[in-house]
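Worksheet: one structure, shown below.
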Amino acid sequence: MTSERRVLVVEDDPRIALLLLDYLRSEGFDARTLADGHLALAEVRHAPPSLLILDLNLPGLDGVSLCRAVRQFSDVPILMLTSSPP
């Protein structure tokens with residue numbers, strides 16, 4: 001799988017994470033998931049994905065803080081998701 005198709009989903013709800021993985025993989029993406037913001041930051045530094053999908057409410061490092069940290073060293077596209085009402 002080429003790096004242009006690698007997606008990292010950072011979501012702590014296993015049902016949502018698996019649903020997203022199923023959809024992404026069925027479309028040919030190399031997708032994986034992590035449930036913790038600190039682990040995700042380390043992963044993005046080590047193996048940058050072509051797309052990062054973040055939940056806002058994460059344990060350890062929340063989605064907004066993770067987004068800010070990633071922006072310090074990467075311009076990877078980031079899609080923010082939340083199930084929280086506005």
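Just so it is clear, the structure is predicted and the values come from calculations on it, not from any experiment. Values reported hereafter were calculated over all heavy atoms of this structure, with side chains retained and with hydrogens, waters and symmetry mates removed.
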Exercise. Any chain of hydrophobic side-chain contacts (each under 4.5 Å) joining Leu54 to Ile16?
Worked result: no

Problem set entry | ILVMFWY network linking Leu19 to Leu79, side-chain heavy atoms under 4.5 angstrom | no

Exercise. CG/Asp13 to CG/Leu81 distance, rounded to the nearest 0.5 angstrom?
Worked result: 12.0 Å

Seminar exercise, completed: Closest non-hydrogen atoms of Gly37 and Leu66, given as atom of the first, atom of the second and distance, are O-CD1, 3.7 Å

Problem set entry | Between CZ on residue Arg5 and CZ on residue Arg25, distance to nearest 0.5 Å | 13.5 Å

For this session: Flag yes if Leu58 and Val9 sit in one hydrophobic cluster, no otherwise; membership is Ile, Leu, Val, Met, Phe, Trp, Tyr, and two members link when side-chain heavy atoms are under 4.5 Å apart.
Result: no

For this session: Quick one: which residue pairs count as a salt bridge (Lys or Arg N to Asp or Glu O under 4.0 Å) with a foot in residues 48-76, not counting sequence neighbours?
Result: none

Problem set entry | All side-chain contact (heavy atoms from CB on, under 4.5 Å) counterparts of Leu51, not counting sequence neighbours | Val7, Ile53, Pro77

Exercise. Would you call Val10 and Leu52 a side-chain contact if the rule is heavy atoms closer than 4.5 Å?
Worked result: yes

Exercise. Can you tell me how far the CZ atom of Arg6 sits from the CG atom of Asp30, to the nearest 0.5 Å?
Worked result: 6.5 Å

Exercise. Any side-chain heavy-atom pair from Val76 and Pro48 closer than 4.5 angstrom?
Worked result: no

For this session: Report yes if some heavy atom in the side chain of Asp36 is under 4.5 Å from a heavy atom in the side chain of Leu61; otherwise report no.
Result: no

Exercise. Where is the tightest heavy-atom contact between Thr33 and Ala17, given as atom of each residue plus distance?
Worked result: OG1-CB, 3.6 Å

Exercise. Applying the 4.5 Å side-chain criterion to the ILVMFWY set and letting contacts propagate, would Leu34 and Leu24 be lumped into a single cluster?
Worked result: no

Exercise. Taking all atoms of both residues into account, what is the closest heavy-atom pair of Glu43 and Leu8, and its distance?
Worked result: CG-CD2, 3.8 Å

Exercise. Same cluster or not: are Leu20 and Leu56 linked, directly or through other Ile, Leu, Val, Met, Phe, Trp or Tyr residues, by side-chain heavy atoms under 4.5 angstrom apart?
Worked result: no

Problem set entry | Atom OH of Tyr23 with >12 non-hydrogen neighbours under 6.0 angstrom | no

